[in-house]
Every structure is written in C-alpha cells, then in structure tokens.
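Note that these values count all heavy atoms, side chains included, but never hydrogens, waters or copies made by symmetry. Everything quoted here is computed from the prediction, not taken from an experiment.
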Amino acid sequence: MILDAFFFLIQAGLTLFFWAILIASILSLLIGFNVLDTRNRMVWNISDFFYRVTEPAMRPVRNRLPNLGGIDLSPLVVLLLVQACMLLVSAIKRYMISFGLYF
C-alpha cells in the first residue's frame, strides 16, 4: 500500500510536469505571435507561473542545445525526458512486482 501511494505520487507529479511544460510552450508561442498580451495582468500571472515552474528544467537543456535562431527545442527534449522517466518508473514497479519486492 505504501509503495502504491509512492509510485502514484511519482507518476502524478511527472504527468503534471508534462502538462505544465506543454502549456508553457503553447503560452510562449501565443505571446510570441501577439495572440495574448502580457499587459493583461491575468495573462502575465499565468505565463509567469508556468515560466517559473518549467524554467529550472528547461534552462540546462537550453544551454546545451545549439542556437537555432528563433526555434526553441528545449521543451521537446524535456518532454521526451519526462516520458522516459515515466517509462522508467513503471518498469521499476513491474520488476518489483515480478521479483516479489513489492508489498
């Protein structure tokens, strides 16, 4: 029961982070194309929240990727890494069940 809660919390956190990165990248595109105006206080608060949540994960990736001009591939790389972590967590859970270590 304890491990069920532990694995659920890890999977839920990774899923929420996946969606936060996706929403942050869509907001960035909409702000970049002037669809959303950051002078609106609510738009600024929402975009600032998602920037602060996702930037610690995307900054190191952004620093290592080559400069492609206006194209930012760091959200794609981080999304792939989050998906890989989700697969790793589910594989660890399966192996623990199959070896009898899951209680």
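Interatomic distance, CG of L14 versus CG of L9, reported as 11.0 Å (0.5 Å rounding). Here C85 contributes atom SG and F18 contributes atom CZ; the two are 12.5 Å apart, rounded to the nearest 0.5 Å. Interatomic distance, L76 CG to S25 OG, rounded to the nearest 0.5 Å: 9.5 Å. To the nearest 0.5 Å, atom CD1 of residue I26 and atom CG of residue L36 are 11.0 Å apart. Considering CG of L30 and OG1 of T38, their distance stands at 12.5 Å, rounded to 0.5 Å. Interatomic distance, L65 CG to S74 OG, rounded to the nearest 0.5 Å: 6.5 Å.
Residues V82 and L16 do not share a hydrophobic cluster, defined by chaining ILVMFWY side chains whose heavy atoms lie under 4.5 Å apart. Taken together through direct or relayed side-chain contacts under 4.5 Å among Ile, Leu, Val, Met, Phe, Trp and Tyr, I71 and M58 form part of one hydrophobic cluster. No continuous path of hydrophobic side-chain contacts links L79 to L87 [ILVMFWY only; heavy atoms under 4.5 Å]. W44 and L29 sit in two unconnected hydrophobic clusters of ILVMFWY residues. Membership requires side-chain heavy atoms under 4.5 Å apart, directly or through other members. Both M42 and V35 belong to a single network of hydrophobic side chains, linked directly or stepwise wherever heavy atoms of I, L, V, M, F, W or Y lie under 4.5 Å apart.
Under the 4.5 Å side-chain criterion, counting only non-hydrogen atoms from C-beta, F49 is not in contact with N45. Counting heavy atoms from C-beta on, the side chains of V89 and K93 never come closer than 4.5 Å.
Minimum heavy-atom separation, S47 to L27: CA-CD1, 4.0 Å. Here the shortest heavy-atom pairing between P56 and Y51 reads CD-O, 4.5 Å. Nearest approach of I21 to V78, heavy atoms of both residues: CD1-CG1, 3.1 Å.
Atom CD1 of I2 sits in a sparse spot, with 12 or fewer heavy atoms from other residues, nucleotides or ligands closer than 6.0 Å.
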**Request:** Under the side chain to side chain contact (heavy atoms under 4.5 Å, CB included) rule, what do F7 and I92 come out as? Steps first, then yes or no, please.
**Result:** CA-CA 10 Å; F7 282 114; I92 289 172; 4.1 Å; yes

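Judged by distance alone, the side chain of T54 and the main-chain N or O of F50 form a donor-acceptor pair under 3.5 Å.
The salt bridge (Lys or Arg N to Asp or Glu O under 4.0 Å) pairs that include a residue from residues 24-40 are D37-R39, where partners are two or more places apart or lie in different chains.
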